[in-house]
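In what follows, every chain begins at residue 1, and chains take the letters A, B, ... in the order their sequences are listed.
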Amino acid sequence: MEKIKRLSVRQMLDSFDYGKTFQVMGWVRTKRISKNVAFITLNDGSTLHNLQVVVDVAVFPEDLLNRINTGAGLTVEGTLLESAGSGQRVELAAATITLLGEADPDQYPLQPKKHSLEFLREIAHLRFRTSTFSAVARVRHVMIFAVHKFFTENGFYNIHTPIITASDAEGAGEMFRVTTLDLNKLPVVEDGRIDYSQDFFGRETNLTVSGQLEAELAALALTKVYTFGPTFRAENSNTSRHLAEFWMIEPEVAFADNSDNMDLAEDLLKYVIQYVLDHCGDDLDFLAKRQQEEEMQKKQEERFAMGLLEKLRFVVENQFERITYTQAIDILKNSNYNKKGKFQYTIEGWGADLQSEHERYLVEKQFKKPVILSDYPKKIKAFYMKLNDDGETVRAMDVLFPQIGEVAGGSQREESYEKLLMRMKEMNIPEKQMWWYLDTRRFGSVPHAGFGLGFERFVQFVTGMSNIRDVIPFPRTPKNAEF
RNA sequence: UCCCCGAUAGCUCAGCCGGUUAGAGCGACUGACUGUUAAUCAGUAGGUCCCUGGUUCGAGUCCAGGUCGGGGAGCCA
């Protein structure tokens, strides 16, 4: 006997092979049972949509049908039919049903009803089974693929930079210590300090906060490189935009200046968004509807004017606004918001870092589109950023998006050995430990630039999810490392 | 880390000025129903009112401390 062909739910829904027999496997979303006929809604994650399985109640044992509840895993074989109901084009008339795994309805926490995102976060191991989280997972995957595709098509090489690092000079935040020492019995040297020479690596090590410095080393040989890896920050940040463990995309390009850097960031962001628009229609439609419902819960004045799809198309179709820090300060200082005291922090003058309310004003009120801010005062930026001729500003750039704020930040790097050394001294960076980084400026140093793009923030923007904990499967935040 | 808000049934919430037996909707369960779309209709069960201490004749309700969650800020991506 010929083996029955197995199709995914997606393939089944796309098929026109009416009358043919197929096999499908998936999990029950809902079951509706009446006297003669039962309907089982099946999902396997291959698509947002579900397959309707039609069951002749007389043919199957009552006991089996009773055990098929929301969450159960099934194999169904049957005939593909044009649906007699109006909700779907095709349906599967079941000939055999195998119950692979039961889900006791008294204990299974997912119910055929709307759940809050807060509740689903507590059951993150099961939330993949909801429409929202499966949609986010699929979109996230497509974005990952599009990132690699973009860089590959543009001549970049992907570099795996280390996750464990001995450098604590990346300057991007508090680090997580990596050690194999017995914390209850730490070896100490005479003055009471911990003897790290006995640790696994023979020195202090941490989880990386950025792959940038290593990416620079690679760029100064391979010209165009990027990293796309996990990053760890031990900051006690409790916001909807911060994670202790997140994924960052960090391109680094030799023979490039800060303007090339901005072009690259804009091109990458637009490419990935366009790719998702082209390949995730169903999921985006669902997420758009979800977001719209969420927006309706808010007060009128707090609602975001554009729908999700409208917002994504708008970003793809419009040039990002590019202004310098100095111009931004002027705009903000002369704004009605500032004059009427609507900002919590009034703009007094040049030199202070912008508050997020100021960034949001520029993006959402002034320009109404993504903004790239550049040439910040050197004292609020990192040591490796290239000093401008004015001696006061550096060639930094931040990409600001509506709703999520800073999505990327980067700069042209200081390629002059002398100037870099000077900046390291000014900012108390341990230059001895950074000998390998400084070597790049001693041997064949050339202009180069790069940036870091927070992947989860980007996924937030594309999916419209308002909390970053809902765009990564297992979020790591202060006081939370469950699952 | 700071500011604000919250924690009551499996979920989402109501519970008034402290008062006797703590409620609703959804979900679950049982039954009815000739094709349903998160089906519908009828019924049933389901509670450590977050924890510790305090005030009081009496605390879900008031007070203090804590834990956890949410929103905002800072830090940043």
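- Taking atom CD of A:Glu174 as the reference point, atom C1' of B:C76 lies 12 Å away to the nearest angstrom.
- To the nearest angstrom, P of B:G10 lies 22 Å from CZ of A:Arg127.
- A:Ala84 comes within contact range of at least one nucleobase, with a heavy-atom separation under 4.0 Å.
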### Message
Determine whether A:Glu426 and A:Arg423 satisfy the following criterion, salt bridge (charged side-chain N to carboxylate O under 4.0 Å, His left out), listing intermediate values before the conclusion.
### Response
CA-CA 5 Å; A:Glu426 275 176 20; A:Arg423 292 287 289 145; 2.7 Å; yes

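- Residue A:Ser356 is in sugar-phosphate contact alone, with no base atom involved, counting any heavy-atom pair closer than 4.0 Å across all strands shown.
- With the nearest nucleotide of RNA chain B identified for both A:Phe119 and A:Leu354, A:Phe119 has the one nearer the 5' end.
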### Message
Applying side-chain hydrogen bond (donor to acceptor under 3.5 Å, both in side chains) to A:Tyr437 and A:Glu216, what does each step give before you reach the verdict?
### Response
CA-CA 8 Å; A:Tyr437 185 68; A:Glu216 282 186 55; 2.7 Å; yes

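- Residue A:Glu250 is classed as having no contact, given no heavy-atom separation below 4.0 Å to the nucleic acid.
- More than 12 non-hydrogen atoms from other residues, nucleotides or ligands lie less than 6.0 angstrom from NE2 of A:His148.
- Base contact: A:Gly85 has a heavy atom under 4.0 Å from a base atom.
- A:Lys31 places its NZ atom 9 Å from the P atom of B:U30, with the value rounded to the nearest Å.
- The side chain of A:Leu243 lies closest to B:A77, out of B:C33, B:A77, B:A73.
- The residue A:Phe39 sits close to a base: some heavy atom pair falls under 4.0 Å.
- Taking the salt bridge (charged side-chain N to carboxylate O under 4.0 Å, His left out) definition, one finds that A:Asp267 meets it with nothing, sequence neighbours left out.
- For a distance-only test at 3.5 Å, the side chain of A:Arg32 fails to qualify as a donor-acceptor partner of the base of B:A38.
- Listed nucleotides B:G70, B:A73, B:A38 differ in distance to A:Thr30; the shortest reach to its side chain belongs to B:A38.
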Write out a two-atom table: protein N or O, nucleotide N or O from nucleotides 24-26 of chain B, distance below 3.5 Å.
from: B:C26; atom 1: O2; to: A:Lys113; atom 2: NZ; distance (Å): 3.2

### Task
Before giving the answer on side-chain hydrogen bond (donor to acceptor under 3.5 Å, both in side chains), spell out for A:Arg233 and A:Thr231 the whole-Å C-alpha distance, their side-chain angles and the decisive distance to 0.1 Å.
CA-CA 7 Å; A:Arg233 307 251 170 113; A:Thr231 314; 5.9 Å; no

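- The distance between atom CD1 of A:Ile40 and atom C1' of B:G35, rounded to the nearest whole Å, is 14 Å.
- Salt bridge present: A:Glu456 and A:Arg140 bring a charged side-chain N and a carboxylate O closer than 4.0 Å.
- Among the protein residues, A:Gln88 comes within range of the nucleic acid bases, having at least one heavy atom under 4.0 Å from a base atom.
- In this structure, A:Tyr157 places its OH atom where only 12 or fewer heavy-atom neighbours from other residues, nucleotides or ligands lie under 6.0 Å away.
- A:Tyr337 is linked by a ring pair (Phe, Tyr, Trp, His ring centres under 6.0 Å) to A:Phe343, A:Tyr361, counting only residues two or more places apart in sequence or in another chain.
- Taking atom C1' in both B:A22 and B:U61, one finds a spacing of 12 Å when rounded to whole Å.
- When A:Gln291, A:Arg290, A:Gln292 are each tested for a side-chain hydrogen bond (donor to acceptor under 3.5 Å, both in side chains) with A:Glu294, only one passes: A:Arg290.
- The base-pairing partner of B:A64, taking Watson-Crick or G-U wobble contacts with both distances under 3.5 Å, is B:U52.
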### Task
Start with the C-alpha distance between A:Thr393 and A:Asp375, add both sets of side-chain angles, then the distance that settles side-chain hydrogen bond (donor to acceptor under 3.5 Å, both in side chains), and finish with yes or no.
CA-CA 6 Å; A:Thr393 58; A:Asp375 300 283; 4.8 Å; no

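- If you check every strand for non-hydrogen atoms under 4.0 Å, A:Arg241 touches a base.
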#### Entry: Worked verdict on A:Gln212 versus A:Tyr384 for side-chain hydrogen bond (donor to acceptor under 3.5 Å, both in side chains)
CA-CA 10 Å; A:Gln212 179 201 313; A:Tyr384 48 72; 3.1 Å; yes

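- A:Gln107 places its CD atom 16 Å from the C1' atom of B:C11, with the value rounded to the nearest Å.
- Going from atom CD of A:Gln212 over to atom C1' of B:C76 covers 14 Å, rounded to whole Å.
- At a cut-off of 3.5 angstrom, the base of B:G6 holds no donor-acceptor pair with the side chain of A:Glu118.
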Between the protein and nucleotides 1-4 of chain B, list the N/O to N/O atom pairs that are separated by less than 3.5 angstrom.
from: B:U1; atom 1: OP1; to: A:Asn236; atom 2: ND2; distance (Å): 2.6
from: B:U1; atom 1: O4; to: A:Asn236; atom 2: O; distance (Å): 3.2
from: B:U1; atom 1: O4; to: A:Asn238; atom 2: ND2; distance (Å): 3.0

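- Among the heavy atoms of the strands lying under 4.0 Å from A:Ser34 is at least one base atom, whether or not backbone atoms are also near.
- Using a 4.0 Å cut-off on heavy atoms, the residues of residues 48-67 of chain A that approach RNA chain B are A:Gln52, listed by number.
- Qualifying side chain to side chain contact (heavy atoms under 4.5 Å, CB included) partners for A:Thr21, counting only residues two or more places apart in sequence or in other chains: A:Ile4, A:Thr79.
- A:Leu213 is not listed as a side-chain neighbour of A:Thr161, based on a closest heavy-atom distance of 4.5 Å or more.
- The residue A:Pro109 sits apart from the nucleic acid: no heavy atom pair falls under 4.0 Å.
- Within the nucleic acid shown, A:Thr231 has no heavy atom closer than 4.0 Å to any nucleic acid atom.
- Nucleotide B:G10 holds its C1' atom 15 Å from the CG atom of A:Asn69, rounded to whole Å.
- Here B:G35 presents its C1' atom at 19 Å from CZ of A:Arg89, a figure rounded to the nearest Å.
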